[in-house]
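Naming: A, B, ... by sequence-line order, numbering from 1 per chain. Quick caveat: nothing in here was measured; it's all calculated off a predicted structure.
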Amino acid sequence: MLSFSVRFVTFKPSPPVSGLCMHEWALAESIVMAAVEEAQKEKLKKITQVTVFIGELQQIEKEIFLFALNELSKSQKPPIIKDAFLLKTEKSTLTCKNCGETWKYDDMKKKLNETESESIHFIPEVVFVHARCPRCGSPDFEISKGRGVLISSIKGVR
Amino acid sequence: MTMEPRTSVIEKRLKDIDRIIAVASGKGGVGKSLVASSLALHLARKDYRVGLLDLDLYGPSSHIILGVKDEFPIEEKGIIPPKIHGISFMSIVYFTEEKPSPFRGVDISNIILELLAITQWGSLDFLIIDMPPGIGDETLDVIRYMKTSEFLVVTTPSKVAMGAVGKLLTILLELKKPVLGVIENMTMTDSSFIKKEVHRLQVRYLGKIHFDEHLEESIGKPDRLLKTLAMKDLSRILQKIKL
């Protein structure tokens, strides 16, 4: 069982009707399935809280993501209580392996065109294809923080 | 400590796929992509529902062989691969625009996880995987995450290629992965060296695809590719394994 101290971030999900077809749904499905698997392993009777880190690089539409999480949570075993998901944005840190420079995805976003940015949204690692270290121009950098979606804690009742 | 959620959904994404065949080799340049693409085309022409996943992330080339242009997956509860000549085709190239891809090992594994987690293949009779050469991250990840995968191994008549292919076969056998057999590609002589080596490893030798000097002219033109001498050789080989 994962256990973490977290700072809660709350979102007011508007009921999105359009935009539900986005690929956030697939990632939300992975979160729900992983949480349920873990809860079953830990013999929880109910999942009361799942904290999810959303890496900045993946540029997730949070409202859609939260809506998908809540929709997919219905009829799970063990049950997931209403509004159990807490989403926490993780700012990115990119670190150059060549010169040691560190920067954030936000800093370089304006240099990317829409297609490049959209591609990074789908596969965050293509940042190495479309961007370079702002200091030395090397493509050899790493995503130290803020890549994609991760579960940081699951809480429940035994 | 955090938990990686994407691994939990992969089985669900692949559950309606009857067979997963990874076309692999220990060595580059032996014609894996051509065999993988031709196999996918061959099966699609037989009215099977076929997917093709290009996992050669540094040097994807199936899209060149199939002549893919201006296509992009549809975003629908994940991404749905576009149909190219009847094949549901997924490749990193949709996201890299033919630019160089300087990925390290950890990035390769992350990309494969992401592609497997978000690609909605639907129901397929066959998913063909065009593997990169060697026994690195991609091969290990396919073995780890695509438990039902079978391997179709390609070599050339070269002793150098067979040296590396032998190592791939050895690890596949050690891991008890099903190996459909070995195809000897681009042959120019009647040498039986590869056949003997493959048999020595107790793997099925499937036959030769003769070097076809006109093959290059059919790259990017699947209709022409299907009529090549190389394709005739491949079809004969595939009959042996009921494909």
Q: Measuring heavy-atom distances to chain B, does A:E142 have an atom under 4.5 Å in its side chain, in its backbone, in both, or in neither?
A: neither
Q: So which part of B:P100 gets closer than 4.5 Å to some heavy atom of chain A, the side chain, the backbone, both or neither?
A: backbone
Q: Could you check which of B:L57, B:I79, B:N110 has the highest count of heavy-atom pairs closer than 4.5 Å to chain A?
A: B:N110
Q: Are B:F95 and B:F72 near enough that their ring centres are under 6.0 Å apart?
A: yes
Q: Just by distance, with hydrogens left out, do B:S33 and B:S61 show a side-chain donor and acceptor under 3.5 Å apart?
A: yes
Q: Can you tell which part of B:I74 gets under 4.5 Å to a heavy atom of chain A, answering side chain, backbone, both or neither?
A: neither
Q: Could A:E90 and A:K88 be called an ion pair, given the rule that one side-chain N must be under 4.0 Å from one carboxylate O?
A: no
Q: Please lay out, stage by stage, how B:D54 and B:K32 fare under the test salt bridge (Lys or Arg N to Asp or Glu O under 4.0 Å).
A: CA-CA 11 Å; B:D54 191 343; B:K32 288 179 303 300; over 6 Å; no
Q: Is A:E29 close to chain B through its backbone or its side chain, or both, or neither, when contacts mean heavy atoms under 4.5 Å?
A: both
Q: Is a side-chain donor-acceptor pair under 3.5 Å present for A:S117 with A:K109?
A: no
